Amino acid sequence: MSRIYNFSSGPAIFPEWVLKKAQQEMLEYNNSGQSVIEMSHRSMEFATILSACEQDLRDLMNISDDYHVLFIQGGASLQFSMIPLNLAKNKVEIIHTGEWTKKAYTEHRKIVDTKIIASSENENFTYIPEITSSMIDKEADYLYICQNNTIYGSCYNKLPETPIPLVADLSSMILSEPINVNNYGLIFAGAQKNMGPAGICIVIIRKDLIKDNDNLPTMLNYKTYIDSKSLFNTPPTYTIYLCGLIFRWLKEKIGGLDKMKNINEEKATLLYNCLDQSKLFIPKVKKEYRSLMNVTFTTNSKDLDNMFVSKAKEAGLINLNGHSLVGGMRASIYNAMTIDGVQTLVEFLKNFEVKYG
Ligand SMILES: *Cc1c(COP(=O)(O)O)cnc(C)c1O
């Protein structure tokens with residue numbers, strides 16, 4: 001068996017340790033006589049899996065008791081509606097940095113008065129707009145951002161200073177580096193980029209932001225998940241188990257988020273240096289806003305870009321095509337991508353340039 005290098009933006013590469021562990025435990029989990037897939041979500045065994053999963057995430061991200069950690073289905077996209085339904089009473093402000101804030105804006109507008117206070121659309125989302133505190137309306141319920149823009153490959157290098165709570169989509173960067181959770185009112189992330197298989201979204205929310213919203217549909221109300229400890233209905237049990245294994249891998253095999261950040265910086269530096277030195281490949285995002293997770297680049301020739309993607313695939317480097325909206329190339333180098341994988345890509349880029357540049 002030989003595993004290929006998968007640069008997909010999501011669902012994405014998994015740590016091999018996690019896949020092997022899941023394989024070992026597939027038929028029988030921990031002397032229970034059954035697979036996790038078959039377990040009742042009300043069983044003691046599953047209760048242990050769920051609470052260990054939450055505790056490990058709290059340990060990794062240093063999440064204080066001031067915050068709830070919720071496991072909710074519907075992907076990150078459901079949060080585009082759930083957040084305003086639960087937290088918006090008056091109006092919301094948003095910084096527009098790409099497709100995922102566009103989608104969040106579209107859903108927000110159906111629910112609450114929502115204003116774009118800054119945008120990088122004028123330069124094709126190749127940077128993050130700088131904002132100052134005075135640009136933010138203190139009457140608004142929260143400021144919404146997408147901290148790492150999966151499609152364009154841009155990332156905030158510092159958080160906006162805001163007098164109102166910050167709500168952030170961290171889908172493609174959660175657990176890639178330490179963050180200070182206390183700077184946020186709400187963090188959410190779909191699992192399938194850096195945290196687990198598709199099918200779950202993790203929401204970390206400051207307790208004082210929760211209001212009584214008895215009129216909301218039950219499944220769209222954060223209180224339902226808080227009161228039931230994410231067990232109001234059947235959660236995606238196996239997905240939660242796999243997220244838990246990823247958290248254990250980060251804690252025990254990697255050694256925490258500081259170490260993970262070092263590895264991620266090493267990988268991103270290898271790749272960006274190669275692109276910056278190249279005369280063929282052009283990185284798309286301005287240096288100070290480059291993502292550690294999603295590296296976007298192009299040759300500025302559609303034909304050559306297509307050839308690159310297909311030759312790379314033949315060489316065992318898959319899913320290097322950019323998002324269909326933007327074209328070019330994108331290498332997603334999430335936590336599970338090894339340094340070895342990035343080195344192999346860098347060699348491939350250099351050889352391709354010699355041949356076709
Ligand atoms: C992938 C992604 C989403 C959407 O996630 P789904 O789970 O498919 O709804 C939202 N925001 C960002 C930043 C993403 O990368």
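Values in this document were obtained by computation on a predicted structure and should not be read as measured data. Side-chain atoms are counted along with the backbone in the values below, which use heavy atoms only and exclude waters and symmetry mates.
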Backbone of [Y] reached by a side-chain donor or acceptor of [X] within 3.5 Å:
X: Asn180; Y: Asn182; value: yes
X: Ser278; Y: Cys274; value: no
X: Glu99; Y: Tyr152; value: no
X: Asn194; Y: Ile174; value: yes
X: Thr97; Y: Ile128; value: no
X: Ser230; Y: Phe71; value: yes
X: Glu93; Y: Ile136; value: no
X: Asn149; Y: Ile151; value: no
X: Asn213; Y: Asn86; value: yes

When you look at [atom1] of [X], are more than 12 heavy atoms from neighbouring residues, nucleotides or ligands closer to it than 6.0 Å?
X: Glu265; atom1: CD; result: yes
X: Asp65; atom1: CG; result: no
X: Asn62; atom1: CG; result: no
X: Lys259; atom1: NZ; result: no
X: Lys313; atom1: NZ; result: no
X: Lys251; atom1: NZ; result: yes
X: Lys89; atom1: NZ; result: yes
X: Lys302; atom1: NZ; result: no

Decide whether [X] and [Y] are clustered together by the hydrophobic rule: side chain heavy atoms of Ile, Leu, Val, Met, Phe, Trp, Tyr closer than 4.5 Å, transitively.
X: Ile202; Y: Tyr334; answer: yes
X: Tyr142; Y: Leu166; answer: no
X: Ile333; Y: Val326; answer: no
X: Trp17; Y: Met195; answer: yes
X: Leu292; Y: Met173; answer: yes

Just checking, any donor-acceptor pair under 3.5 angstrom between side chains of [X] and [Y]?
X: Glu347; Y: Asn351; value: no
X: Glu25; Y: Tyr241; value: yes
X: Ser176; Y: Asn335; value: no
X: Lys261; Y: Asn264; value: no

Looking at every non-hydrogen atom in both residues, tell me the closest pair between [X] and [Y] and how far apart they are.
X: Glu45; Y: Ser32; answer: OE2-CB, 3.7 Å
X: Pro235; Y: Ile240; answer: CB-CD1, 3.8 Å
X: Tyr356; Y: Lys311; answer: OH-CE, 3.3 Å
X: Gly327; Y: Lys284; answer: O-NZ, 3.2 Å
X: Thr114; Y: Val112; answer: OG1-O, 2.8 Å
X: Pro163; Y: Lys138; answer: CG-CG, 3.9 Å

Identify whether the distance between the nearest side-chain nitrogen and carboxylate oxygen of [X] and [Y] falls below 4.0 Å.
X: Glu130; Y: Lys158; result: yes
X: Asp141; Y: Lys91; result: no
X: Glu121; Y: Lys102; result: no
X: Arg248; Y: Asp56; result: no

Side chain to side chain contact (heavy atoms under 4.5 Å, CB included) between Met61 and Leu175, intermediate numbers included:
CA-CA 7 Å; Met61 294 182 68; Leu175 299 171; 3.7 Å; yes
Test salt bridge (Lys or Arg N to Asp or Glu O under 4.0 Å) on Glu123 and Lys286; report intermediate values, then the result.
CA-CA 10 Å; Glu123 290 182 41; Lys286 296 197 171 69; 2.6 Å; yes
Value rounded to 0.5 Å, distance of [atom1] in [X] from [atom2] in [Y]:
X: Phe46; Y: Ser51; atom1: CZ; atom2: OG; answer: 9.5 Å
X: Gln277; Y: Lys350; atom1: CD; atom2: NZ; answer: 7.0 Å
X: Gln55; Y: Ile63; atom1: CD; atom2: CD1; answer: 9.5 Å
X: Ile94; Y: Arg109; atom1: CD1; atom2: CZ; answer: 11.0 Å
X: Thr237; Y: Leu50; atom1: OG1; atom2: CG; answer: 10.0 Å

Answer yes or no for Lys103 and Trp100: cation-pi contact, defined as NZ/CZ to six-membered ring centre under 6.0 Å and angle to ring axis within 45°.
yes
Is the distance between the ring centroids of [Y] and [X] under 6.0 Å?
X: Tyr222; Y: Tyr225; result: no
X: Tyr67; Y: Tyr184; result: no
X: His96; Y: Phe125; result: yes

Using the test ring-ring contact (aromatic ring centres under 6.0 Å, His included), find all partners of Phe232 that sit at least two apart in sequence or belong to another chain.
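Listed in chain order: nothing, the list is empty.
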Taking the inter-plane angle between the rings of [X] and [Y] on a 0 to 90° scale, is it parallel (under 30°), tilted (30 to 60°) or perpendicular (over 60°)?
X: Tyr144; Y: His108; answer: perpendicular
X: Phe352; Y: Phe308; answer: perpendicular
X: Phe281; Y: Phe297; answer: perpendicular

Go through it in stages, so that I can follow the logic: the residues are Lys279 and Glu353, the test is salt bridge (Lys or Arg N to Asp or Glu O under 4.0 Å), and I'd like the CA-CA distance, side-chain angles, deciding distance and then a yes or no.
CA-CA 8 Å; Lys279 292 193 173 60; Glu353 179 162 356; over 6 Å; no
Apply the test side chain to side chain contact (heavy atoms under 4.5 Å, CB included) to residues Thr299 and Ile282: give CA-CA distance (whole Å), side-chain angles for both, the deciding distance (0.1 Å), then the verdict.
CA-CA 6 Å; Thr299 63; Ile282 305 149; over 6 Å; no
Going by the side chain to side chain contact (heavy atoms under 4.5 Å, CB included) test, name the single residue among Thr150, Leu320, Asn321, Asn319 that passes it with Arg330.
Thr150
Are Arg290 and Asp276 close enough, and set up right, to give a salt bridge (Lys or Arg N to Asp or Glu O under 4.0 Å), and what steps lead you there?
CA-CA 12 Å; Arg290 286 176 181 173; Asp276 283 331; 3.0 Å; yes
Does the side chain to side chain contact (heavy atoms under 4.5 Å, CB included) test come out yes or no for Phe247 and Asp59, once each step is laid out?
CA-CA 9 Å; Phe247 302 157; Asp59 294 346; over 6 Å; no
